[in-house]
2 protein chains.
Amino acid sequence: MEAAMTEDKAGRRGRSARRDGAAKPHGVPYIVRNIPTYDILSEENLQKIERTADRILAEVGIEFRDDPFAVDHWKRAGAKVDGVLVRFEPGMLREIVSSAPSVFTQYARNPANSVQIGGDNVVFSPAYGSPFVMDLDKGRRYGTIEDFRNFIKLAQTSPWLHHSGGTICEPVDVPVNKRHLDMVYSHIKYSDRAFMGSVTAEERAEDSVEMARILFGAEFVDQNCVILGNVNVNSPLVWDGTMTTSLRAYARANQAAVIVPFILGGAMGPVTNAGAIAQSYAETLAGCALTQLERKGAPVIFGNFLSSMSLRSGSPTFGTPEPAIGSMVVGQLARRLKLPLRCAGNFSNSKLPDGQAMQEGLMSMLSAIHCGANFILHSAGFLDGLLSMSYEKFVMDTDLCGALHSYFAGVAVDDNTLAFDAFEEVGPGSHFLGSAHTMRNYQTAFWDSTLSDNEPFEKWSEEGGSTDIATRANRQWKKTLEEFEAPPLDVAVDEALCDFVARRKASMADGWY
Amino acid sequence: MEAAMTEDKAGRRGRSARRDGAAKPHGVPYIVRNIPTYDILSEENLQKIERTADRILAEVGIEFRDDPFAVDHWKRAGAKVDGVLVRFEPGMLREIVSSAPSVFTQYARNPANSVQIGGDNVVFSPAYGSPFVMDLDKGRRYGTIEDFRNFIKLAQTSPWLHHSGGTICEPVDVPVNKRHLDMVYSHIKYSDRAFMGSVTAEERAEDSVEMARILFGAEFVDQNCVILGNVNVNSPLVWDGTMTTSLRAYARANQAAVIVPFILGGAMGPVTNAGAIAQSYAETLAGCALTQLERKGAPVIFGNFLSSMSLRSGSPTFGTPEPAIGSMVVGQLARRLKLPLRCAGNFSNSKLPDGQAMQEGLMSMLSAIHCGANFILHSAGFLDGLLSMSYEKFVMDTDLCGALHSYFAGVAVDDNTLAFDAFEEVGPGSHFLGSAHTMRNYQTAFWDSTLSDNEPFEKWSEEGGSTDIATRANRQWKKTLEEFEAPPLDVAVDEALCDFVARRKASMADGWY
């Protein structure tokens, strides 16, 4: 059977069609989903979760530490403020966030790569925030600015990512107080996709936005989203000043904050899903509302990262079933708020790009896809409980992201896809390999991975060297980096950015914490 | 954070609770799903697919080769018969299958392990039909009866499978015409779960049922399902006599045939999903109807196996996105027929238990889960495009099946899971580790894999030997086989079965094809 198919016209033409396809530098700028969301909870149960969140907000409250401006916002908005503890009447925050857009465009410096965030649109963005990097040759070590640039290059080259990401790994060789300058510059220099800025201090958030102004022009930036800032809640129920000042810096500039509680059930939240979801909802809602108090109408993304823990060791676990199924509910709740949703995907606690890594990764990734996430952070590279960015897993994940483009396409039903003419032509007991219907459709019929092995065993072992997918990924990322060419960047803009970075770096001593 | 949690009471007690859990020989006999199905297609599009299937059945027809009794059944039922080609008026087959039960019990010799097939129930069954086996030590070689028994033992030991399966691998060292006797005996001897019999010839199907009669009693077998037979369509649109005579043997004995077309899009069916689904529906419906003509009311399972092909090589591909999303539609169609649904999961074309294997496997497995499959064949061990059964992947898959038990539990919403008392107790900025709510719930909170590594990197590399999951799986299957004890079997029954096998073997010369 296999031999017959290999020699068939469809197979041969498919092969060359694939080569043509591989030469195309990019896929679509973002995905428009053609499958529904997977809604698992009833209206009644959704309301129970919302009411519990309302009670948490009204009776327990959230602390806003080290940011008096944020507390003042809440006072003016009518919340009950007691020192840093803020309590909210039921419905108040939902009313405030109603001014945020349900869909917005984040512009890229290459307009063809601008992304729509919200609605039926889906954007895949690389993993974010690992201090370490790893590969099969050198194992695990601290990330450097060279690693940071390498991952931007790998992301930029993949047709299956849509965003350059943010702190794609920590460049530990650059002083902490100057990293953001090198990171934002690297995103602009080596990628022409949309990206994220720094959030580790208000002035670093402002520097990030300022560099975006150099790239896009100050007036454009004031009216359009060109940069995202990913801010984390200090769960349970605390917003730290570092985060709220950065959040407000982005909102003030009309840029989108991504509001994300990371809740490890049993530690930063209840061990039961419904309670963790209610908490996540409350914390995110408060952050989203704060952006609207800073600047009404500023874009904001409702984020979420549920996780679980190992009962044997107390370690966080990733890609497990309870957070995966819990995310479906978060999706339902976010849609009731009409806010764009951020989830995470492709995450794992494995220390290698092995079976555990891909199984846990896909569990989380399909969860993000089914729950209706619009912006999927951590779409590529995540290993080691987010402590390490893996070169091999990065390209394995981008290949998987390619497969998911086909998944999102759903099942088209029309006269061509129903193929009745093919059955009339082929009839019982024959085959469809050379049929007119096959010839008309094979080129777009199936996702064809560039990393998965689909050869017969003998060919895999004799010609292919009996490789596993991680070994093939190792070859692929090296080849991609060797062949990389940066997208063109206007020389004057490049000089202005370099000048800004040099001036800012010269203005302060190196800080290492 | 990790250190703090490791030392926490919840962590320590969780560990011992897990040990208790691991000592428990079995989980639940089958899963009752607490999550809805994932329905992706509109009523209008479902009807278009049904109408196309009706046209295929009425205008193109299906050939029933080498089984005049089957053709006679169709004549009597009013189908249009032209030699071996049979055509069906729209609606005729749906009317015939309406006599089949929508849910039935398959009894196991241990009544606690009997399974419900249909409705909201889900049964995980091992992979089926590989000529080869492989493990990390010895690589790939032909399967033997010892391998066959080993896989039954691994399945029987896992709390996360519910069924012993059928031709779990081909015992190539046993003559073809006698294999079924050793296989059925091995299922009965080494497992006390439900199982499947042979379908490679009518007399082998009858032998399989006869052995079930020795085990359960002839009268019980006549009234209850105790054995399944997995029969394949010779797609496109051909039913071979070997399959229909076996199908009829099972139905005649009131046992359940599982009706499965394997459609490799572009070869045995159209390259477009909608057409392949319509074909699959037509072929399966005809097989299901034939069981009802043989014995009205006999249980039958509506099966399905969509696949795709590599455009580069023409090889079949497994665990790819198009068949995964297509299965959702098959599920919707099967529910409209009110028939139990069989899908396949955990399948891959990888030659190793690597990242490709687990990513492709989970893509297919979650598809089977979301589409509402009641009987999921190939739940453990499938590699190499079904040509090899892998010892390591078998235990990796069973561990994943364990995780999926938690996934199926969905998100419970009640006062306990909403955990408002926990928020009142903990408040902002503290943690939930020792809270009353956590202490009350942690033991059942999270799935805890016995194969995944969730340790910190240092512990994994220093104490754990930097293993990947396949290496850990290699250790686990060996330990499981070493410690295996067969479930008790009545001595008189065992002797009667051995006697039957000996007599049947003595009655014919060895046949090797």
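Just so we're on the same page: letters track the sequence lines, and every chain starts at 1.
When each of A/A409, A/A357, A/S430 is checked for heavy-atom pairs under 4.5 Å with chain B, A/S430 comes out on top. Ranked by non-hydrogen atom pairs under 4.5 Å with chain A, the options B/I35, B/T52, B/N416, B/T272 are led by B/T272. Each of B/N273, B/T317, B/I62 has some count of heavy-atom pairs under 4.5 Å with chain A, and the biggest count is that of B/T317. The most heavy-atom pairs under 4.5 Å with chain A, out of B/T320, B/T444, B/D384, come from B/D384. With chain A as partner, the option from B/V271, B/V60, B/L237 having the largest number of non-hydrogen pairs under 4.5 angstrom is B/V271. Ranked by non-hydrogen atom pairs under 4.5 Å with chain B, the options A/I277, A/D453, A/N45 are led by A/D453. Between chain B and the residues A/A422, A/A276, A/A403, the largest count of heavy-atom pairs under 4.5 Å involves A/A403. Interface check for chain A: of the options B/G269, B/S42, B/A419, B/A473, the most heavy-atom pairs under 4.5 Å are formed by B/G269. Top candidate by heavy-atom pairs under 4.5 Å with chain B, chosen from A/E322, A/M358, A/H370, is A/E322. In terms of heavy-atom pairs under 4.5 angstrom with chain B, the leader among A/G266, A/P323, A/A53 is A/G266. When each of A/V238, A/N34, A/D354 is scored by its heavy-atom pairs under 4.5 Å with chain B, the top score falls to A/D354.
A donor-acceptor contact shorter than 3.5 Å is absent between the side chain of A/Q359 and the backbone of B/L362. Here the side chain of A/N454 pairs no donor or acceptor atom with the backbone of B/S310 at under 3.5 angstrom. Checked by atom type and distance alone, the side chain of A/Y38 never pairs as donor or acceptor with a backbone atom of B/D39 at under 3.5 Å. Side-chain N or O atoms of B/K351 include one that pairs as donor or acceptor with a backbone N or O of A/E455 at under 3.5 Å.
Looking at A/L41, the atoms closer than 4.5 Å to chain B (heavy atoms on both sides) all sit in the side chain, from C-beta outward. Heavy-atom distances place the backbone of B/T37, and not its side chain, under 4.5 Å from chain A. Contacts between B/T467 and chain A at a heavy-atom distance below 4.5 Å involve the backbone alone (N, CA, C, O). With a 4.5 Å cut-off on non-hydrogen atoms, B/R440 does not touch chain A at all. With a threshold of 4.5 angstrom between heavy atoms, B/S466 approaches chain A through N, CA, C or O but not through any side-chain atom. Heavy atoms of A/M328 lying under 4.5 Å from chain B belong exclusively to its side chain. Only the side chain of A/L366 comes within less than 4.5 Å of a heavy atom of chain B; its backbone N, CA, C and O stay farther away. B/R472 touches chain A through its side chain: at least one heavy atom from C-beta onward sits under 4.5 Å away, while N, CA, C and O do not. Both the backbone and the side chain of B/I40 come within less than 4.5 Å of a heavy atom in chain A. Interface remark: B/E44 contributes no atoms to any contact with chain A (heavy atom separation under 4.5 Å). Only the backbone of B/A412 comes within contact range of chain A, with at least one heavy atom under 4.5 Å from a heavy atom of that chain. Only the side chain of A/V329 comes within less than 4.5 Å of a heavy atom of chain B; its backbone N, CA, C and O stay farther away. With a threshold of 4.5 angstrom between heavy atoms, A/Q279 approaches chain B through its backbone and through its side chain. Neither the backbone nor the side chain of B/N234 has a heavy atom closer than 4.5 Å to any heavy atom of chain A. Both the backbone and the side chain of B/L418 come within contact range of chain A, each with at least one heavy atom under 4.5 Å from a heavy atom of that chain.
The structure places CD1 of B/I325 at 10.0 Å from CG of A/L404, a figure rounded to the nearest 0.5 Å. Rounded to the nearest 0.5 Å, atoms CD (B/E59) and CZ (A/F423) are 12.5 Å apart. With values rounded to the nearest 0.5 angstrom, B/M309 atom CE is found 5.0 Å from A/L433 atom CG.
Contact check for B/T438 versus A/P270: no side-chain heavy atoms found under the 4.5 Å cut-off. Here the side chains of B/H431 and A/M268 are not in contact, with every heavy-atom distance at 4.5 Å or above. Residues A/Y407 and B/M363 are in side-chain contact: their nearest non-hydrogen atoms beyond the backbone lie under 4.5 Å apart. By the 4.5 Å heavy-atom criterion applied to side chains, B/L352 and A/W460 are counted as neighbours. B/K48 is not listed as a side-chain neighbour of A/D415, based on a closest heavy-atom distance of 4.5 Å or more. A heavy-atom distance below 4.5 Å is not found between the side chains of A/S452 and B/N349. Between A/P236 and B/P428 there is no side-chain heavy-atom pair separated by less than 4.5 Å.
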B/F420 vs A/I56, test: side-chain contact (heavy atoms from CB on, under 4.5 Å). Steps then yes/no. CA-CA 7 Å; B/F420 185 73; A/I56 294 169; 4.0 Å; yes
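In terms of heavy atoms, A/S307 sits closest to B/F446 at O-CZ, 4.5 Å.
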